[in-house]
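Atom set for the values below is all heavy atoms of this structure, side chains included, hydrogens, waters and symmetry mates excluded.
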Amino acid sequence: GPRLFKVRKPAPALVGVMSSSSYLERAHCGRRPPGFCELRLVARPPNVAASAAEVLRQPLIVPARHPDEGGRNRLSTRQRRDLLLRFLPYAAFVDVELRSAKTLPSILEAAADRAVKRIISVHALERTPSLRELQNIVQRARTFSPELVKIVTRTDRADELARLLDFFEQEKNRHPMCAMGVGRLGRESRIALARRGSFLHYVHLGTRTVPRQPSISVARRLGLASCTPSRPTNMPVIPPQS
């Protein structure tokens, strides 16, 4: 099985999802801004994203989501690669889906060269995979030596939520991880996983990007994350599978 190693656990961090430039001012100028902002590159014109990236003070997470994992506008692999390369200079983390990691090696290599931390993510938006499937996902993600593995699954039923929680409890001391659910029990999953040690907690800044996504004020009221940004340099590299 995977070798256990001591995970250095940074303070939990809120991630404000930038779904629209109308929320830029709130994220940028608020007295208590989120620890990170996620700039969803495929959901906005590149010039709008560039304007946001240039003025945001928070560390940025930059994904360019694959269309089959929730990415808008059906961008090609080349278009997504070009977007990610353009925005790497602004990024603290770059988020690349496991399904795209082999087709976007230049992004992972460029991120390493720039000391940008890498997230390997999986968005299972139709169901929560079996425990064995989830374990296999993490093993495959580790081969790319990311600093963080992110797992998002559909949690409409109690058994799906229980499976995701069981998986996280088994894996959280082996790998720095972020996990959350979407669907009917999405909010409950995010609260439960935050309290179990999930690193990043995605919140909306005014308009939900997915149903049951908590707002930044609700997340703080529930005590789910520190108000102080976590420093990406605290994240250890996940050793690859032997």
Side-chain angles (χ1 to χ4, degrees), residues 10-65 69-73 75 79-97 104 107-108 110-121 123 146-148 150 152 176 178 180 190 194 198-210 213-220 224-235:
L14 295 179
V15 180
V17 179
M18 305 293 293
S19 61
S20 167
S21 58
S22 64
Y23 303 116
L24 176 59
E25 182 174 293
R26 185 180 305 188
H28 177 50
C29 301
R31 289 185 299 173
R32 300 175 69 200
F36 294 89
C37 283
E38 182 178 78
L39 199 56
R40 296 195 169 176
L41 302 180
V42 301
R44 63 188 60 231
N47 62 321
V48 174
S51 297
E54 287 168 0
V55 300
L56 279 167
R57 295 175 183 173
Q58 286 73 48
L60 291 185
I61 299 172
V62 291
R65 191 73 62 230
E69 295 197 27
R72 299 182 186 178
N73 298 323
L75 298 187
Q79 289 173 310
R80 292 165 52 234
R81 183 188 66 224
D82 291 347
L83 271 176
L84 289 169
L85 285 174
R86 176 177 175 179
F87 284 89
L88 269 183
Y90 302 107
F93 282 98
V94 64
D95 183 338
V96 175
E97 306 87 3
L104 295 173
I107 298 301
L108 298 175
D113 290 343
R114 288 180 171 272
V116 174
K117 306 304 178 185
R118 295 153 299 177
I119 298 172
I120 296 294
S121 61
H123 304 79
E147 282 76 22
L148 188 68
K150 175 185 171 188
V152 183
C178 164
M180 71 197 79
R190 291 164 189 254
S198 182
F199 174 45
L200 298 176
H201 312 305
Y202 289 72
V203 298
H204 72 81
L205 303 173
T207 300
R208 289 183 177 89
T209 55
V210 294
Q213 183 182 47
S215 68
I216 187 170
S217 59
V218 166
R220 284 189 172 134
L224 299 189
S226 166
C227 299
T228 302
S230 298
R231 297 186 62 81
T233 52
N234 288 341
M235 296 299 298

Who pairs with S215 by side chain to side chain contact (heavy atoms under 4.5 Å, CB included), at least two apart in sequence or on another chain?
H204, S217, V218
Looking only at heavy atoms, which two atoms of L88 and V116 are closest? And how far apart?
O-CG2, 3.8 Å
Looking only at heavy atoms, which two atoms of L39 and M18 are closest? And how far apart?
CD1-CB, 4.1 Å
Would you give the length of the straight line joining atom CD1 of I61 to atom NZ of K150, rounded to the nearest 0.5 angstrom?
7.5 Å
dist H123:NE2 -> D95:CG (nearest 0.5 Å) comes out at 5.5 Å
For A194, enumerate each residue passing the side chain to side chain contact (heavy atoms under 4.5 Å, CB included) test, keeping only those at least two apart in sequence or located in another chain.
H201, L224
Under 3.5 Å, is there a donor-acceptor pair between the side chain of E147 and the main chain of R118?
yes
Can you list everything that forms a ring pair (Phe, Tyr, Trp, His ring centres under 6.0 Å) with Y202? Sequence neighbours excluded, please.
none
Between I119 and P146, is any pair of side-chain heavy atoms under 4.5 Å apart?
no
Provide the closest heavy-atom pair for G16 versus P34 in the form atom of the first, atom of the second, distance.
N-CB, 3.7 Å
Do E97 and R80 sit within salt-bridge range, that is, some charged N less than 4.0 Å from a carboxylate O?
yes
Interatomic distance, CG@L148 vs OG@S121, rounded to 0.5 Å, equals 9.5 Å
N/O donor-acceptor pair under 3.5 Å between R190 side chain and M180 backbone:
no
Quick one: closest heavy-atom pair of C178 and S198, and the distance?
CA-OG, 3.3 Å
Do Q58 and F36 have side chains that get closer than 4.5 Å, going by heavy atoms?
no
